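Read the structure below first, then the notes.
In this text, all values refer to a predicted model and were calculated from it rather than measured experimentally. Below, read A as the first sequence line, B as the second, and so on, with proteins coming before strands; counting in each chain starts at 1.
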Amino acid sequence: MSPQIVGVVGIFLMLGVFLTGMPVAYAMALVGWIGFSWMASPDAGLQVLAMDMANTFQNYGLVVIPLFTLMGQFALQGGVSRRLYKVAHRFTGAVPGGLAMATIMACTGFGAVCGSSSATAATMATVGLPEMKRYDYSPALAAGAVASGGGLGMLMPPSVVLIVYGVLTEESIGRLFVAGVMPALLITALFIGAIWLVCKLRPRACPAGESFTWSEKFAALRDVGEVIIVFVIVLGGLVRGWFTATEAGGVGAVLMFIVALARGQITWERFNKAITDTLWTSCMTMMLVAGAVVFGHFLAITRIPFMLADAVASLQWPAWAVVIVIGMVYLVGGCIIDALALVMLTVPIFLPIIDDLGFGKIWFGIVIVLLTQMGVITPPVGLNVYVVSGIDRSIKLETIFKGALPFLVALVVGLLIMIAFPGIATWLPDVIYSSLGKG
Amino acid sequence: MLDRVTAQVSNLFKIAAGVALIIMMLLTCLDAFLRDINKPITGVVEIVTYLGALVLAFSLPMTQVRRGQVGVELLTRKLPPKVAAVIEVITDAASLVLCAVIAWQGWIYAERLSLVHEKSMNLGIPTDLVVRAICFSFAALCLVLLNQMVSAIARAVKK
């Protein structure tokens with residue numbers, strides 16, 4: 001059997017194992033180990049499995065994941081999301097659909113201290129949904145806004161997906177973080193535009209809320225000053241080279257803990273929950289990376305990624321068409337597999353193609369996050385939809401999926417804009433890093 | 001009995017992981033500031049790397065106890081409970097074999113590192129120690145998987 005056939009069999013076998021409900025990380029490691037043993041030798045397979053696992057766990061670059069996750073957890077337990085929502089509400093409350101818009105803005109703000117999409121969705125579901133229900137918003141729009149807005153958590157830096165992507169592709173995490181800012185703002189604007197349009201078409205879906213004076217609006221800003229300060233210190237320090245990515249995570253976590261402590265929001269129970277949830281999500285992410293590393297070694301020995309890259313190059317399709325095809329793979333894949341797992345699995349395959357087409361790794365990283373953002377709100381797997389449904393059981397899954405549809409359209413528009421104007425992702429890091437003399 | 005042992009072991013590992021996480025957070029933060037005044041902590045990258053490995057590895061049993069690893073439950077959710085339990089037994093058994101092999105081969109890898117006296121560059125910490133700790137975590141993970149497999153078998157054979 002040729003190596004390529006073994007590789008294809010391995011990919012299908014793995015997809016089959018996924019359907020049994022076996023954890024994705026274990027499935028990737030298991031199939032990768034068996035496949036490598038088949039291709040090389042059983043002894044080589046055993047060695048690769050053990051060394052990949054041991055070395056992935058001892059990867060300094062990945063230590064950043066628990067630290068940034070902890071920062072987000074302290075922000076969550078410290079009530080940052082509630083304060084962000086309050087501020088956004090004061091600015092947009094009087095506009096039809098203003099509460100949904102406030103939810104989106106709060107998601108972007110919370111994303112600045114939390115790198116997880118599902119954590120952002122869960123947080124905003126507890127904060128934003130009850131308010132929107134109180135004002136008689138359509139459940140579809142309210143839940144759709146929360147589920148979709150949650151995705152902004154992984155685009156706005158710090159982002160766990162971008163960290164993992166940076167480690168996989170050996171790209172600067174600082175640059176990736178900076179690159180995420182403009183697209184996150186673009187998607188925020190598109191989401192707000194989508195809400196505005198829904199409100200125009202169905203005014204009863206989103207009644208206007210109470211209005212506030214300008215002094216009340218600006219007074220509320222004081223409540224989120226610390227979030228802005230922490231974000232600026234962490235991202236600014238990382239970009240200016242004061243800290244490495246790992247140190248930025250450590251500094252961010254300590255600062256967020258101090259903020260929560262100073263506001264009297266941290267109890268022993270909340271502290272314990274922050275630590276436990278950090279351990280769980282970091283371990284889950286890490287096992288995905290480790291599983292993908294083992295599977296990646298198997299794929300590399302079959303040479304499938306490189307042959308695929310050559311095949312795509314020989315098609316002589318325009319670059320945008322290839323990107324759209326890759327996008328379709330992510331969109332369909334994201335409906336079945338968890339977003340992060342999909343990134344792990346596909347980046348080693350698609351990166352050589354993207355390199356051949358002349359797109360930068362930074363741009364591709366941001367596009368991948370956008371695509372995975374679509375995955376978390378599309379059926380049947382749509383993680384964020386399940387998260388929101390788990391928090392408010394009175395809203396049916398179908399209703400949330402339906403409510404997320406306008407946001408899905410907004411994401412597609414955002415993706416097309418990103419393909420047409422790649423500078424949206426690359427301009428800011430280029431400007432900042434060249435002004436700092438880091439070219 | 002197995003339930004109680006599993007819970008205790010995973011809790012012990014969780015506490016160790018939590019302590020390592022807090023030390024790691026404080027150490028990285030402290031070093032960022034000390035380096036700014038030209039007094040960096042020697043070997044901090046090594047310590048943080050090893051602490052990170054312990055944080056993540058020691059969290060393995062706890063994550064499995066809460067079935068926290070990402071999986072695709074699209075199909076199994078729709079199956080009759082008995083069939084789902086049988087599939088669960090098979091996947092748990094496969095996961096158990098995988099993790100046992102990682103623990104066993106990891107230990108052999110640690111032995112090799114120990115034989116050549118491989119140490120970290122600045123502090124001279126024997127690198128096999130961390131690998132052994134990772135192996136212990138995978139062994140504890142095997143215990144959790146065994147416990148979950150036993151309860152899945154009980155569900156599968158229940159009339």
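Distance CD1/B:Ile15 to CG/A:Leu279: 11.0 Å, rounded to 0.5 Å. Here A:Thr246 contributes atom OG1 and B:Asp31 contributes atom CG; the two are 11.0 Å apart, rounded to the nearest 0.5 Å. In this structure, CG on B:Leu21 lies 5.0 Å from CD1 on A:Ile275, to the nearest 0.5 angstrom. For the atom pair CD1 (A:Ile258) and SG (B:Cys29), the distance works out to 7.0 Å, reported to the nearest 0.5 Å. Expressed to the nearest 0.5 Å, how far OG1 of B:Thr49 lies from CG of A:Asn59 amounts to 8.0 Å. To the nearest 0.5 Å, the span separating CE on A:Met284 from OG on B:Ser59 amounts to 12.0 Å.
For the options B:Val55, B:Val131, B:Val101, B:Thr127, heavy-atom pairs under 4.5 Å to chain A are most numerous at B:Val101. For the set B:Gln105, B:Glu46, B:Lys14, the entry with the most heavy-atom pairs within less than 4.5 Å of chain A is B:Gln105. For chain A, the option among B:Glu88, B:Arg35, B:Arg66 with the highest count of heavy-atom pairs below 4.5 Å is B:Arg66. Among the candidates B:Ala57, B:Ser95, B:Gly18, B:Cys99, the residue making the largest number of heavy-atom pairs closer than 4.5 Å to chain A is B:Ser95. Taking chain A as the reference chain and counting heavy-atom pairs below 4.5 Å, the highest number among B:Val130, B:Val45, B:Leu26, B:Ile87 is found for B:Val45. The greatest number of non-hydrogen atom pairs below 4.5 Å with chain A, out of B:Ile108, B:Val44, B:Val48, is found for B:Val48. Put simply, of A:Met51, A:Gln47, A:Met53, the one with the most heavy-atom pairs under 4.5 Å next to chain B is A:Met51.
Using a 4.5 Å heavy-atom cutoff, the side chains of B:Ile90 and A:Thr20 are not in contact. Taking the side chain as every heavy atom from C-beta outward, B:Met62 and A:Thr276 approach each other to under 4.5 Å. Side chains of B:Tyr50 and A:Tyr60 form no contact here, defined as non-hydrogen atoms less than 4.5 Å apart.
Within 6.0 Å of atom CZ in A:Phe271, more than 12 heavy atoms from other residues, nucleotides or ligands are found, so the atom counts as buried in its surroundings. B:Trp107 CH2: more than 12 foreign heavy atoms inside a 6.0 Å radius.
Heavy atoms of A:Leu30 lying under 4.5 Å from chain B belong to its backbone as well as its side chain. When heavy atoms are compared at a cutoff of 4.5 Å, A:Trp280 approaches chain B by way of both its backbone and its side chain. Contact of B:Arg112 with chain A is made through the side chain alone, with heavy-atom distances under 4.5 Å. Looking at B:Ile22, only its side chain comes within 4.5 Å of chain A, counting heavy atoms on both sides. Residue contact with chain A, scored on non-hydrogen atoms closer than 4.5 Å, is absent for B:Phe58. Proximity to chain A is absent for every atom of B:Ala110, based on heavy atoms less than 4.5 angstrom apart.
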Inset, instruction - Could you go through the side chain to side chain contact (heavy atoms under 4.5 Å, CB included) check for A:Val24 and B:Gln69 one step at a time? - result: CA-CA 8 Å; A:Val24 170; B:Gln69 303 287 0; over 6 Å; no
Inset, instruction - Determine, step by step, whether A:Phe57 and B:Phe138 satisfy the side chain to side chain contact (heavy atoms under 4.5 Å, CB included) criterion, reporting the C-alpha distance in whole Å, the side-chain angles of both residues, the deciding distance to 0.1 Å, and the verdict. - result: CA-CA 12 Å; A:Phe57 275 80; B:Phe138 272 98; 4.2 Å; yes
Legend entry - Steps toward side chain to side chain contact (heavy atoms under 4.5 Å, CB included) verdict (B:Tyr109, A:Asn55): CA-CA 11 Å; B:Tyr109 176 48; A:Asn55 294 337; 3.5 Å; yes
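The side chain to side chain contact (heavy atoms under 4.5 Å, CB included) test with A:Met287 singles out one residue from B:Thr63, B:Leu60, B:Leu56, and that residue is B:Leu60. Here the rule is side chain to side chain contact (heavy atoms under 4.5 Å, CB included) with B:Ile102, and of A:Asp52, A:Val294, A:Leu49 only A:Leu49 fits it.
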